[in-house]
Amino acid sequence: MHITITLNHEKQTFETDPHERLLRLLRRAGCWSVKFGDEHGLTGADTVLMDGKPVNSGVMLAAQADGHELLTLEGIGSSRNLHPLQQAFIDTGAIQSGYNTPAQILCAYALLQHNPNPTEAEVREALNGVLDRETGYTKVVEAVLRAAAVLRGEAVEPYEPLQRAIPAPPGLFGGVWDVSDLFNGGGSYGGDTGGTRTKLAPPLVVTPPEVAALKTVGKPEPKVDAVKLAAGKPVYTDDIEMRGMLHAALLTSPHAHARIRSIDTRAAKALPGVHAVLTHHDIPRVLYASGGQSYPNPKPYDQVSLDHVVRHVGDRVAVVAAETPEIAREALKLIEVDYEVLPAVFDPIEAMQPGAPIIHADPAVEGIHDRERNIVHHIHAEAGDRDGQWAKAVHIFEGEYRVHQVQQASIEPHVVVTWWDEDDRLNIRTSTQVPFHVRRMVAPLLGLPVKRIRVIKPRIGGGFGGKQEMLIEDLCAHLTMATGRPVRFEYTREQEFTSARSRHPQILHFKTGVDADGKVVAAELYIIGNTGAYGTHGLTVQMVSGFRGLTTYNAPYSKFTCDVVYTNIPTPGAYRGYGAPQSLFALEVHMEEIAHALGIDVIEFKRRNWIKQGDPLIMAVALGEGREGKPQIVTTSALAECVDIGARAIGWYEKRGISRTVEGKPHLKRGIGMAVAMHGTGIAGLDMGAASIKLNDDGSFNLLFGATDLGTGADTVLAQIAAETLGVPLNDIIVYAADTDFTPFDTGAYASSTTYISGGAVLKAAEDVRAQILKHAAERMLHCSPDDLELDDKKVVHRDGRSVTLEAVALHSLHQENQHQIMATASHMSEVSPPPFAAQFAEVVVDTETGQVTVERLLMAVDCGVAINPITASGQVEGGMVQALGYAHCEELAYDERGVPQSTDFHTYHIYRASETPKLECIFVETYEETGPYGAKAVAEIPKDGVAPALASAIYDATGVIIRAIPYTPERVWSALRDKR
Amino acid sequence: MTNPKTYHRPTTLPEAAQLLMRADAVAISGGALLLSGIDLPYAQVIDLQALTELRGIDHVETGFRIGGGVTLSEIAALPGLHPVFRRALTRCIPLNIRNGTSLHDSLMLPDSAMLAEWWAALAALDAQTHWYTYNNQRVSFGIGELLSHWEEGGGTPGVLMQIDLMMAKGYRHALGATYVARTPADEPIVNAAIYLRLDAESTIDQLFAAVCGASSAPITLVTLPVDPFQHISKVDLSTLAASLPAQLEPVGDWRASADYRREMAVVCVRRALEECMEQVG
């Protein structure tokens, strides 16, 4: 059928099928800004404006648009002619991965067309149809308000957040400082801010005196990829057209545990348009572990690409390649599978009992600790004088805590495109955090040498650890090898919930000894970690849980034991925070309980016990990450200052412990809570990044690295480090990242390592290039000692005032004298992992009749070392807090008694929307970490650590009840209140 | 192969009714919720967008008569719309979905949790719906009748032409609603709506309650024990709410147990009643 649409102001006729969704047609038409997020329109990634109103193109037939006007981001502005909304999104740091940015801009555009002076509430309402898993919405709202002011013709101040940077008074670090005036005011963009929750001001940065005045580092530079993301350019894995490309679809298990007796693919193969149907009969049985980790990957290798046993609902059964996605899905329906359903077990305690179903019976799978009891790993680590320290304990406290399974829910699903190139090398274009691990790990599964595989990482639409896995690349590659054709494979949203990865659920038992002075002297932590059907990250996540759970308070005697247990639930893996959010929830709630029991103010009790600058980390050697750890000492910490400033900023002392109800509603109780957090910065002695920098004719530089920017701003931060070192503006650094053929190795984006580890590599390479430039200029151009020269403002400057431009140096060194390429490659790893620290505060209202908790405010004061870019760093904090809020409050993977997932879409798996997100505030209390590039530590993961225990603390403050399990659903809270009564 | 296999855009109601006679046909008007998901179970999609007679909104003294093709966004934006309806349409239904969902669509989906507050409000008011049937008749049902019709296995009556959100003259009216959910914009676990009508002497003329999430059916119409012509000031809210559990047969699931749902139904009904009381002073 033919339809006529006015698309981006131009009347066009399209051929379409009755079943074709508008989303598909628009992408066929080159409107790459319109994205797939889910099949229900709930992510809003598929938003377009139809007759001026936002609608979801993924839940519309193309035919419905016949005769209508459609507008996509391509019709609003371009990279060379940005609309004020696009510019504002760039200026305010509202773009992280950018995957949903086009949808957000369209919704804002529609709002401003009829309401040029919206309130914040109206902006949030307009954005409500677009889920944002990254920013926490704060900067997005700010961008819309700013653009509205511009469009009204009002003068708008340049967005210079460091105008609010405040050099810390000498007494701050180690002293007390009055911050009461710091939170007054803040800018606005005119108009009615109607009950504003967005602090219309940048994050507060408290800078230690020793931080030098730098030109690029520490500045709120716009992201290097911001323009193309704001313009909606085709930068993601799926934004590619290839002649003859086939579409893959995956058949998954409906049973939690079953053996495939037989599988008949004849009817599927006979379906016109089907090119390949692969089952376990068609693929070599090569054992592997899918976690994207350094060589050698921790055992056991308990997976194969397609197996004759399925171990969870959603496990792989067969994969199809066909001419269209619809044909591929139809083919799946024609595959006949005869299952022998096996007993299944979902509770890890039951799984460890004698007689429980054995989930991995194959003796070929090596490295399982106790196969009959489904214990894949048993961990035991301890440090200190057990008997001596326990003897000092006059109080002993024990508590059991439970945390649940949640999903990363990046708005871009897992997606990969594979093809043979002209050299018969297999190209894998994939949305991954670990391209180099993927190349190494997929090679043996395909029977190809690494040299015949190229992995390309385009922009990623969010990862959060879920893409730290070699998850679907093997199947897509097998299909390309079977058909010789390019193949595209994208998970459905349901498969993201059933067949991707998630956070490990755990049961944690703390036993803590406290001496007569209120000092923690001994701590023992036992964790039962549920690793689901496969081991993948099971060992390392639990080790991190143990390390984090025993380090913040660093008891002189510490002991960690853990059983990592197989069950028949979908497999957990890496998720931002990687074990820390689980144990820090338990730890912080446990510490709060102890403080109450001892009658000590909770902040005072924690302050008395938390690890201090100069302290060794007791468990650092005993607990590494999959291998023995390295000795660690806290070299920098502003935790005390974070707590002090955060407490004053939120009004802790005026609110805590004072019974408060909402006026006229005695069942609504207010509470305020806090938690502290300590995280890591990369994995000591393991993570490695490398970077190459070369000088171009015009004095600009190419910067190449293997680190992967998930939307965090890593590319920008690394470029800032290079620019600062080389004395050039940021736009003279041309970034190219994460292509195994062209960029040097990097372990990938995880463990909060990129700024510290990859940034260290960039710094080293830049310093090498800088030395080469100075040497050439000194010897061949200015005839002086390099020691008399420095780089500044795109020039080599002599202390006597003479200078040559970098362009002149480049032309001279490339073309005129002693010709050579000025370039360098450097690698960096670190034997230490300096911890960032944070104080997390939360304010809640608890409905004591229903148990419903409403979170009104989250404030986090963070010591991440020097924030290389305070805007991108604050974006990490804001977005991380909202993700953590979902963990604490409403997100949950649940199963029925047969192990069938109950939350497989965004109706049931609720992610915070713009209208309900609480007020978010971020304060940086900077330290200067000598081992980090320009004083940096990490910031990406620590926002995930403190929200759940801070909510626990706030609920306690409101109700007097401590609840030892999350999420804080209405029934859980109601039940606890009922039990108290 | 893939559904829908045919797409129709009728321009008259008789044409639409004719097309909808087929068992594998579905009518959409916007369709954002009906087209949700990968597999559409209908081979024929009948798009009602060209039926201009479904697009009308009449604001009359007693309320609104709203065409079946009017979107939920347009309804939510109506000046003078009762706040309970506006809340029901905006709290947990994102703008994009509202823009892509018509009144007609919404009445096809009584079991959608996203629409539960809208349905409860319509059911409490027992709003009148007007349909154009497949055999070209015009019929009307109250929401209660419609729910009974469906419970008994009846199909969709036809094309929804209009719905009346009206409150009779000569009375004082109140509409109250409340919910329990995980977050402020989450779909409700349990929700309730109450419609209260008082005569000039402030005695109760009508009192209807609808509860969602507290039985195996998506919506439960419950009877509150009020004596006829009882003066409003004599009504004991707690007693009314306490009469509920016997009328409910909640089914527990992963979001909430049956016990919790039963308890929350009581709380929600009481709070909805309190809101009604505030409205009538």
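Quick note on labels: first sequence line is chain A, next is B, and so on, each numbered from 1.
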Inset, instruction - May I have the step-by-step check of ring pair (Phe, Tyr, Trp, His ring centres under 6.0 Å) for F497(A) and Y491(A), ending in yes or no? - result: CA-CA 10 Å; F497(A) 287 111; Y491(A) 261 176; over 10 Å; no
Inset, instruction - Report the option among V55(A), N128(A), N56(A) that has the most heavy-atom pairs separated by less than 4.5 Å from atoms of chain B. - result: N56(A)
Inset, instruction - Name the option with the most non-hydrogen atom pairs under 4.5 Å to chain B; the candidates are M50(A), H910(A), R493(A). - result: H910(A)
Inset, instruction - Would you check if the side chain of E74(B) reaches a backbone N or O of V70(B) as a donor-acceptor pair within less than 3.5 Å? - result: no
Legend entry - Basic-acidic side-chain contact under 4.0 Å: E125(A), R913(A): no
Inset, instruction - Output the distance between atom CG (L893(A)) and atom OG1 (T498(A)), rounded to the nearest 0.5 Å. - result: 10.0 Å
Inset, instruction - Identify which part of A32(B) has an atom lying under 4.5 Å from any heavy atom of chain A, answering side chain, backbone, both or neither. - result: both
Legend entry - Which portion of V853(A) sits near chain B, non-hydrogen atoms under 4.5 angstrom: backbone
Inset, instruction - Could you list which of residues 174-190 of chain B have a heavy atom closer than 4.5 Å to any heavy atom of chain A, in residue-number order? - result: Y179(B), V180(B), A181(B), R182(B), T183(B), P184(B), A185(B), D186(B), E187(B), I189(B)
Inset, instruction - Side chain from CB out, backbone as N, CA, C, O: work out which of these in Y968(A) comes under 4.5 Å of a heavy atom of chain B, or both, or neither. - result: neither
Inset, instruction - Name the member of D38(A), T324(A), T47(A), D66(A) that forms the most heavy-atom pairs with chain B at distances under 4.5 Å. - result: D66(A)
Legend entry - Lys/Arg-Asp/Glu bridge criterion (N-O < 4.0 Å) met for E117(B), R87(B): no
Inset, instruction - Please tell me if the side chains of I327(A) and L271(A) come closer than 4.5 Å, counting only heavy atoms from C-beta onward. - result: yes
Legend entry - Engaged part of R21(A) at the chain B interface, taking heavy atoms whose separation is under 4.5 Å: side chain
Legend entry - Donor-acceptor side-chain pairing of Q405(A) and Y895(A) below 3.5 angstrom: yes
Inset, instruction - Quick one: which of C890(A), S903(A), A894(A) has the most heavy-atom pairs under 4.5 Å with chain B, could you say? - result: C890(A)
Legend entry - Minimum heavy-atom distance between M60(A) and L35(B), given as atom pair plus value: CA-CD1, 4.1 Å
Inset, instruction - Report the option among T101(B), T6(B), I93(B) that has the most heavy-atom pairs separated by less than 4.5 Å from atoms of chain A. - result: T6(B)
Legend entry - Test item: L72(B) and S102(B) side chains (from C-beta on) under 4.5 Å apart, heavy atoms: no
Inset, instruction - State the OH-CG distance between Y137(A) and D132(A), to the nearest 0.5 angstrom. - result: 5.5 Å
Inset, instruction - Output the distance between atom OH (Y260(B)) and atom CH2 (W974(A)), rounded to the nearest 0.5 Å. - result: 7.5 Å
Inset, instruction - Please flag which part of K665(A) lies under 4.5 Å from any non-hydrogen atom of chain B: side chain, backbone, both or neither. - result: neither
Legend entry - Which atom of G68(B) lies closest to which atom of S29(B), heavy atoms considered: O-OG, 4.4 Å
Legend entry - Per-residue contact mode, R98(B) against chain A (heavy atom under 4.5 angstrom): side chain
Inset, instruction - Determine yes or no for a side-chain-to-main-chain donor-acceptor pair under 3.5 angstrom, with R124(A) supplying the side chain and A914(A) the backbone. - result: yes
Legend entry - With H404(A) via ring pair (Phe, Tyr, Trp, His ring centres under 6.0 Å) - residues at least two apart: Y887(A)
Inset, instruction - With a 4.5 Å cut-off on heavy-atom pairs, point out which of G100(B), S73(B), G30(B) contacts chain A the most. - result: G30(B)
Legend entry - chain B contact via T908(A) - side chain, backbone, both or neither, heavy atoms under 4.5 Å: both
Inset, instruction - Supply the atom-to-atom distance L20(B) CG to Q44(B) CD, rounded to the nearest 0.5 angstrom. - result: 9.5 Å
Inset, instruction - Check whether D847(A) gets within reach of chain B through its side chain, its backbone, both or neither, counting any heavy atom under 4.5 Å. - result: side chain
Legend entry - Sorted by number, residues from residues 264-281 of chain B in contact with chain A (heavy atoms, under 4.5 Å): M264(B), V267(B), R270(B), R271(B)
Inset, instruction - Go through the atoms of L34(B) and report whether side chain, backbone, both or neither lie under 4.5 Å from a heavy atom of chain A. - result: neither
Legend entry - Engaged part of T850(A) at the chain B interface, taking heavy atoms whose separation is under 4.5 Å: both
Inset, instruction - For D47(B) and H8(B), indicate whether the former's side chain and the latter's backbone hold a donor-acceptor pair under 3.5 Å. - result: no
Legend entry - Heavy-atom proximity to chain B below 4.5 Å, by part of R978(A): neither
Inset, instruction - Look at L40(B), L33(B), L95(B), T71(B) and state which one has the largest set of heavy-atom pairs under 4.5 Å with chain A. - result: L95(B)
Legend entry - Interatomic spacing from CD1 in I966(A) to NE2 in H889(A) - rounded to 0.5 Å: 11.5 Å
Legend entry - Shortest non-hydrogen contact from A63(A) toward I3(A): CA-CG2, 4.1 Å
Inset, instruction - Count the heavy atoms belonging to other residues, nucleotides or ligands that lie under 6.0 Å from CD of E122(A), then report whether that count exceeds 12. - result: yes
Legend entry - Least distance between heavy atoms, L109(B) atom then W119(B) atom: O-NE1, 3.3 Å
Legend entry - Winner by heavy-atom pair count (cut-off under 4.5 Å) against chain B, out of K53(A), E39(A), E20(A), E971(A): E971(A)
Inset, instruction - Write out, in numerical order, the residues from residues 250-259 of chain B with a heavy atom short of 4.5 Å from a heavy atom in chain A. - result: W254(B), R255(B), A256(B), S257(B)
Legend entry - CD1-OG1 distance between I38(B) and T2(B), expressed to the nearest 0.5 angstrom: 11.0 Å
Inset, instruction - Using a cut-off of under 4.5 Å on heavy-atom pairs, state which of G67(A), G129(A), P54(A) scores highest against chain B. - result: P54(A)
Inset, instruction - Give a yes or no on this: more than 12 heavy atoms of other residues, nucleotides or ligands lie within 6.0 Å of atom CD of E249(B). - result: no
Legend entry - Non-hydrogen side-chain atoms of Y912(A) and L131(A) separated by less than 4.5 Å: no
